[in-house]
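Residue numbers start from 1 in every chain, and the chains themselves are labelled A, B, ... in the order their sequence lines are given, proteins ahead of strands.
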Amino acid sequence: MSTLNFLNQQASVVASRLLGCIVEREIDGQTIAVKIVETEAYDQTDAASHSYRGKSPRSSVMFGPSGHLYVYFTYGMHYCCNIVTGPGGVGSAVLIRAVEPIKGIKYMQKIRNKNDVNLSNGPAKLCQALKIDKTLNGHYLAKPPIKLVIQPPIESEDIIRTKRIGISEAKEKPWRFYIKNNPYVSRIE
DNA sequence: AGCGGGATTTTCT
DNA sequence: GAAAATCCCGCTT
């Protein structure tokens, strides 16, 4: 049993609880640390989810155990990363949409060739900043080179819950969560 | 500040 | 063959 146990519940619950948690990435002898500030939940009953039409080669990781990374490629050029949630046997995950850099900022500036909020205020941007690609698809987040470090929950009054971004189905589900007043959030209402 | 198009590949119809 | 859980740049106001 690991500290990642809480991931084994429904995605919309986990999405909120992941706010404020830290991701540690080891790459090229460097350690990068970021704080999760924006998430979206996707589950199998959800027409916007990659798991909605059942298991496929791309989405198969979503159907596996919670605590693993689901990385997908989209728009011909971008990766996005999700944390697989539970309960077991169900295709569900939480998309990490934005993070706040904590450590290794110079390294991220170099890879991204950008500064400030543009380092990581979007799902494809943060994947580039953390060098996340398909080789990490399915990685378990309790061990290097990329780990999830749980932090105390964010106060509920500091969590904003809204509709998700960039989808054409199930637009009304309020399954996007972000930390109030955090400058790295990809977009405010 | 806001709109519009291009990049470019995986997946599903 | 089209759309996709996106981003960036250049153009217009």
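- Using cut-offs of 30° and 60° for the angle between ring planes, the A:H68 and A:Y140 rings count as tilted.
- Put simply, the side chain of A:D158 never gets that close to the backbone of A:K180: no donor and acceptor are under 3.5 Å apart.
- In this structure, A:I188 places its CD1 atom 14 Å from C1' of B:dA1, rounding to the nearest Å.
- Residue A:I167 is the one, among A:R112 and A:I167, whose nearest nucleotide of DNA chain C lies closer to the 5' end (criterion: closest heavy atom).
- A heavy-atom distance below 4.5 Å is found between the side chains of A:Y184 and A:P101.
- Within 4.0 Å (heavy atoms only), A:K114 reaches sugar-phosphate atoms of the nucleic acid but no base atom.
- Comparing the same atom, P, in B:dC3 and in C:dA5 gives a spacing of 22 Å after rounding to whole Å.
- Applying the ring pair (Phe, Tyr, Trp, His ring centres under 6.0 Å) test to residues at least two apart or on different chains, the pairs with a partner in residues 79-107 of chain A are A:F73-A:Y79.
- Counting non-hydrogen atoms under 4.0 angstrom, A:R97 reaches the backbone sugars and phosphates but no base.
- Side chain to side chain, A:N182 and A:E100 meet the donor-acceptor criterion of an N or O pair below 3.5 Å.
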### Task
Map every base of DNA chain B to its dot-bracket character, where paired means a Watson-Crick or G-U wobble contact with both distances under 3.5 Å and | marks a partner outside the strand.
|||||||.||||.
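- Using a 4.0 Å heavy-atom cutoff across all strands shown, A:A48 reaches at least one base atom of the nucleic acid.
- Counting any heavy atom pair closer than 4.0 Å across all strands shown, A:Y75 reaches a base atom.
- Atom pair A:Y72:OH and B:dC12:P shows a separation of 14 Å (rounding to whole Å applied).
- For A:H78 and A:H50, each mapped to the nucleotide of DNA chain B holding its nearest heavy atom, the one lying further toward the 5' end belongs to A:H78.
- A:S92 and A:T85 share a side-chain donor-acceptor pair at under 3.5 Å.
- Taking every nucleotide of DNA chain C with any atom under 4.0 Å from a non-hydrogen atom of chain A, the first and last of them, 5' to 3', are C:dA4 to C:dC9.
- Using a 4.5 Å heavy-atom cutoff, the side chains of A:F6 and A:R17 are in contact.
- Each of A:R187, A:R161, A:R176 was compared with A:E38 under the salt bridge (Lys or Arg N to Asp or Glu O under 4.0 Å) criterion, and only A:R176 meets it.
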#### Entry: salt bridge (charged side-chain N to carboxylate O under 4.0 Å, His left out) between A:E40 and A:R164, worked out
CA-CA 7 Å; A:E40 285 179 1; A:R164 296 174 292 181; 5.2 Å; no
